[in-house]
Every structure is written in C-alpha cells, then in structure tokens.
2 protein chains.
Amino acid sequence: MSDKRTRAPRNTLNPELIVTTALGLMKTEGVEAFSLRALAKELGVGPMALYTYFRGKDELIDAVRDHLFSTRKLSSAQGPWQQQLRSVATGLRELLLEHPCLLRILASRPLKGPETAAATETVVRALREAGFSKENAARAHTSLFTFVLGAALWESQMNAEKQDPEGRRRLRATMAAVSEVDYPTVVDLAGELAATSGGDAQFEFGLTALIMGLEPFAG
Amino acid sequence: MSDKRTRAPRNTLNPELIVTTALGLMKTEGVEAFSLRALAKELGVGPMALYTYFRGKDELIDAVRDHLFSTRKLSSAQGPWQQQLRSVATGLRELLLEHPCLLRILASRPLKGPETAAATETVVRALREAGFSKENAARAHTSLFTFVLGAALWESQMNAEKQDPEGRRRLRATMAAVSEVDYPTVVDLAGELAATSGGDAQFEFGLTALIMGLEPFAG
DNA sequence: CGGCGTACAGTACACCGTACAGTAGCGTCG
DNA sequence: CGACGCTACTGTACGGTGTACTGTACGCCG
C-alpha cells in the first residue's frame with residue numbers, strides 16, 4: 001500500500017483487545033521482553049495510543065493479571081474441606097503454570113485487586129465449616145496460598161531451565177559441582193532431587209503434607 | 001588482606017567491592033531501580049569498567065545472589081529432624097526477608113549455583129536419618145524450600161505495601177471492594193486475613209503444619 | 001628505561017517508558 | 001446537510017537502560 005494517508009480507524013482499539021494481545025506477546029516473547037512499543041506495533045498503532053486506555057505499563061500489566069484470574073473459576077469445590085482446599089490449590093497451580101507470565105507478575109507486585117476473592121471465599125468457608133477458628137482459618141489460607149505460589153514459581157523456573165539445552169547443561173554442571181565429601185547425602189539423592197524439582201507428584205506430595213498438617217486445627 | 005603483593009589492581013576496583021556496592025544500592029534504591037550506570041557512578045567509574053569483572057548485568061546479579069547466600073550459614077542444625085528442618089527454614093526465611101532483593105533475584109531466575117548445598121545437605125540428611133525414602137526425602141526438601149520461598153515472597157511484598165501510605169490505602173480499598181453478599185466469609189475474616197498476611201506467627205503456623213504433615217513419611 | 005598488556009574512559013546504538021503537542025475521524029447538533 | 005468539538009490517535013522528544021566497539025594511559029616486566 002503505497003498510500004497510507006488514512007491512519008488507523010478510530011474504533012480498532014479497546015482495552016480487551018490490548019490486554020489479550022499483550023498476553024499473547026508475553027507468552028511468545030516472555031514477560032521481561034514485553035514492551036509497550038512491541039505491543040503497539042503488534043496492534044498497528046503508535047506506542048502512545050495505549051495511554052488512552054491505560055495510565056502506563058504497570059496498569060496494563062495489572063489488567064493482564066486481572067484478566068488471567070477472570071478466565072478461570074477457582075472456586076467450584078465440594079466435598080470435605082481437605083478436598084476443597086486441594087481443588088482450589090490445584091486449580092491455582094494449573095493457572096499459574098499455564099501462564100508463567102502471571103507468575104512473574106505476582107512475584108513482582110503485590111496482589112492488589114479482589115480477583116482471588118472467590119477462591120479465598122471457598123477456602124476460608126471450608127475451613128470455618130470444618131471448625132477452624134477465625135485466626136487459624138486465615139493462617140491456613142495464607143499458608144496454602146503461599147505454598148502454591150512458591151511451588152509453582154519454582155516449578156515454572158525449572159521447566160524453563162530444562163527447556164533449552166544451555167539450561168540443561170547448567171543444571172548438570174551445578175549438580176556436578178557439589179562436593180561429594182562435604183555433601184554426601186545431596187550427591188546420593190542427586191537423581192531424586194533433580195527428578196522431584198517439579199511435576200504433579202511433587203506438588204501433590206507437598207500439598208498433601210500441608211493439608212494433613214492442618215487437620216489438627218479442625219474443631 | 002595481605003595477598004602477597006602479587007599484582008595490585010590499577011585502581012580500587014575488584015569484584016567483591018563491586019558486588020557489595022551493588023548490594024548496597026539495591027537495598028537503598030530497590031532491585032528494579034538498580035542499574036549498571038548508577039552502580040558505576042557510585043563507584044566513581046564509567047559503566048564499561050564493570051565489564052572487565054562481569055560479562056554483563058546478569059552475571060553481576062548472580063554474583064550478588066551468591067554473595068548473599070555465602071554470608072549466612074543455614075546448615076547448623078541439631079536435634080530431632082523436625083527441629084532441624086525448622087531451623088534451616090527459619091534461617092532461610094530470615095535471610096530472604098533481610099534482603100528483599102535476594103527474593104526478587106530468586107523469583108526472576110533459577111537457582112543455578114550450589115550455594116544452598118549446605119542447607120540442602122542438612123535437610124536431606126535429617127530426613128534420611130529419620131527414615132524417609134530417597135524419593136520422599138527429596139520431595140519433602142523441595143516442598144519445604146518452595147514453601148519458604150513463597151511465604152517469604154508474599155510476606156516481603158506485603159511488608160513493602162504496608163510501608164508507604166499509598167500502599168496502605170490500596171490495601172484498605174481492596175478489602176472494601178470485596179462484596180459482602182458474594183463473599184461473606186472473606187468479609188467476616190477480613191481483619192484476620194489482613195493481620196496474618198505476614199509475620200513470624202503466620203510463618204510458624206504454616207511451617208508447623210507442613211512439618212507435621214511430613215511425619216507420616218518418617219520410617 | 002622502554003614496551004606492552006590491560007584496566008579503565010568515551011562514544012555510540014538500539015531500545016525502553018512516557019510527557020507533550022498536534023491532527024484527523026467520528027458523533028452530535030444546529 | 002454541514003460544521004463543530006471531542007477524543008482517539010500520531011509524531012516528536014527526553015532521559016533512561018544495557019552493552020558493543022574503540023581509544024588511552026597506567027603499572028608491571030624485561
């Protein structure tokens with residue numbers, strides 16, 4: 001098109017389109033590589049056009065986070081309280097692993113909005129109905145949430161590291177660098193430690209332990 | 001440091017000085033604000049001077065991480081295995097909370113080096129001596145580590161948010177935005193949830209639960 | 001004392017987020 | 001139907017980033 005006298009029509013941009021495009025870009029390029037300029041180019045507009053809908057990059061990223069939380073219902077749980085906790089925790093982990101960028105977002109900024117209120121409600125209500133005191137219910141909820149966050153964060157990083165050959169080489173080098181004299185048990189368990197750095201079974205193990213440890217607090 | 005005057009550096013620049021200065025800058029300005037140019041200015045040199053000691057920013061940050069891990073001994077634990085796990089976990093949490101930048105570093109890149117081998121050795125040996133199978137010992141270790149990571153990450157973010165008045169306002173606004181009709185339990189526990197978002201007691205609660213949940217796996 | 005390797009300085013480039021000012025398409029109204 | 005104003009967009013610019021490449025002078029060794 002040699003003549004580009006017309007600029008982009010006025011209607012082509014809206015918050016939802018921006019957010020979903022941003023999300024796509026984050027998935028393909030990685031969160032750290034994501035930039036407003038790249039997003040604008042992808043949308044066929046100038047970088048400043050985005051400022052009509054978001055005050056800046058931070059607000060856009062918050063919107064992406066909220067969007068991701070809104071895509072999955074984490075609160076449909078039933079059965080005994082242990083099973084409800086499992087269900088919510090598993091759902092949250094799946095969401096986080098499916099969208100590593102969400103993990104990075106959560107790790108870099110506090111969770112401001114009430115996006116997770118539904119999940120929190122499910123967990124906390126189950127705990128209260130199981131006889132947990134108010135305080136213990138709150139503590140148990142926070143423990144569960146932070147456990148899932150940490151586990152997913154670690155798992156995601158390990159997955160990323162295992163993907164490219166360079167990362168695999170580095171992992172192997174790390175393992176080889178551990179002195180057998182100083183750390184015999186670590187060396188002995190090297191295989192197990194590497195194997196359990198991620199995966200459903202690892203998560204299930206920790207989740208089960210945590211929930212079992214919560215049981216004495218039920219009334 | 002009488003290192004035998006082998007070859008005195010041309011000026012007062014060396015890796016250790018760079019790393020500690022970088023760490024100081026991260027603590028005062030925040031990790032995200034940290035830049036090579038600011039570090040160079042602080043050291044009174046040009047930005048490029050740093051490249052004679054580190055290949056780039058990433059390598060420097062890795063060095064900061066390694067330095068931080070080397071400053072604290074996490075492995076001096078004794079007593080029953082539960083207590084040893086508590087000791088290592090508590091030490092790690094303290095280290096992470098004392099240096100929020102370390103938390104951000106861990107959250108943004110995989111743990112490559114064997115810096116934590118000593119802590120891992122302590123945990124894994126205690127578990128093995130308690131009768132854990134190889135696989136379960138590895139799983140328990142990973143669960144413990146990721147729990148501490150997630151808890152410290154969350155706690156650190158909440159602390160940061162609570163520090164400036166703007167953050168406190170946002171937290172209160174978030175709580176107020178939760179619908180009492182949809183999420184009655186959350187609203188009922190609002191005070192407890194806010195109070196338990198961090199602090200030693202919250203961490204102890206989760207840690208105790210996790211370790212108790214691990215006990216059935218002891219032989 | 002002369003030469004040389006290297007620890008620094010300087011410049012430059014591509015990219016970033018975003019402040020500010022200008023312009024043109026669209027809805028609205030006379 | 002024509003004109004106007006709002007506002008969604010564009011363009012330009014500024015100060016910042018990491019870092020590649022090139023230049024320079026210091027301090028050690030022969």
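Numbers restart at 1 for each chain; the letters A, B, ... are given by sequence-line order, proteins then strands. All values reported here derive from a predicted model rather than from experimental measurement.
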Roughly how many Å is it from OH in Tyr53(A) to P in dT18(C), rounded to a whole number? 18 Å
Would you mind telling me which of dC8(C), dT19(D), dC9(D) lies closest to the side-chain atoms of Tyr51(B)? dT19(D)
Of Asp188(B), Thr185(B), Val186(B), which meets side-chain contact (heavy atoms from CB on, under 4.5 Å) against Leu193(B)? Val186(B)
Describe the nucleic acid contact of Ala49(B) in one word from base, sugar-phosphate, nothing, applying a heavy-atom distance below 4.0 Å. sugar-phosphate
Tell me if the NZ atom of Lys27(B) is crowded by more than 12 foreign heavy atoms within 6.0 Å. yes
Using atom CG of Leu39(B) as one end and atom P of dG18(D) as the other, report the distance to the nearest whole Å. 10 Å
Nearest-Å distance for atom pair CG/C1', residues Leu50(B) and dA20(D): 15 Å
From the list Leu23(A), Leu13(A), Val64(A), side-chain contact (heavy atoms from CB on, under 4.5 Å) partner of Ile18(A) resolves to Leu13(A)
Please walk me through it: do Arg109(B) and Asp58(B) pass side chain to side chain contact (heavy atoms under 4.5 Å, CB included)? CA-CA 9 Å; Arg109(B) 72 221 298 123; Asp58(B) 281 4; 3.5 Å; yes
Close N/O contacts between protein and nucleotides 4-6 of chain D (under 3.5 Å):
none

So which atom in Tyr183(A) and which in Ala118(B) form the shortest heavy-atom distance, rounded to 0.1 Å? CE2-CA, 3.4 Å
Without decimals, in angstroms, what is the distance between Leu13(B) CG and dG27(D) P? 14 Å
Measure from NZ on Lys41(B) to C1' on dG18(D) and round the result to the nearest Å. 16 Å
dG18(D) P sits how many Å from Glu32(B) CD, rounded? 13 Å
Name the orientation class of the two ring planes belonging to Phe147(B) and Phe203(B) (parallel below 30°, tilted from 30 to 60°, perpendicular beyond 60°). parallel
Each nucleotide N or O in nucleotides 10-16 of chain C that has a protein N or O under 3.5 Å away: list the pair and distance.
from, atom 1, to, atom 2, distance (Å)
dC16(C), OP1, Ser35(A), OG, 2.6

Rounding to an integer number of Å, can you tell me how far Leu43(B) CG sits from dA9(C) C1'? 15 Å
For Phe54(A), answer base if it contacts any base atom (sugar-phosphate contacts may also be present), sugar-phosphate if it contacts only those atoms, and nothing otherwise; contact means non-hydrogen atoms under 4.0 Å. nothing
Rounded to the nearest 0.5 Å, how far apart are OG1 of Thr142(A) and CD of Glu155(B)? 10.5 Å
Side chain to side chain contact (heavy atoms under 4.5 Å, CB included), that's the test. Do Gln157(B) and Leu106(A) meet it? Break it down for me. CA-CA 10 Å; Gln157(B) 287 180 177; Leu106(A) 287 186; over 6 Å; no
Salt-bridge present (Glu192(A), Arg139(B); N to O < 4.0 Å): no
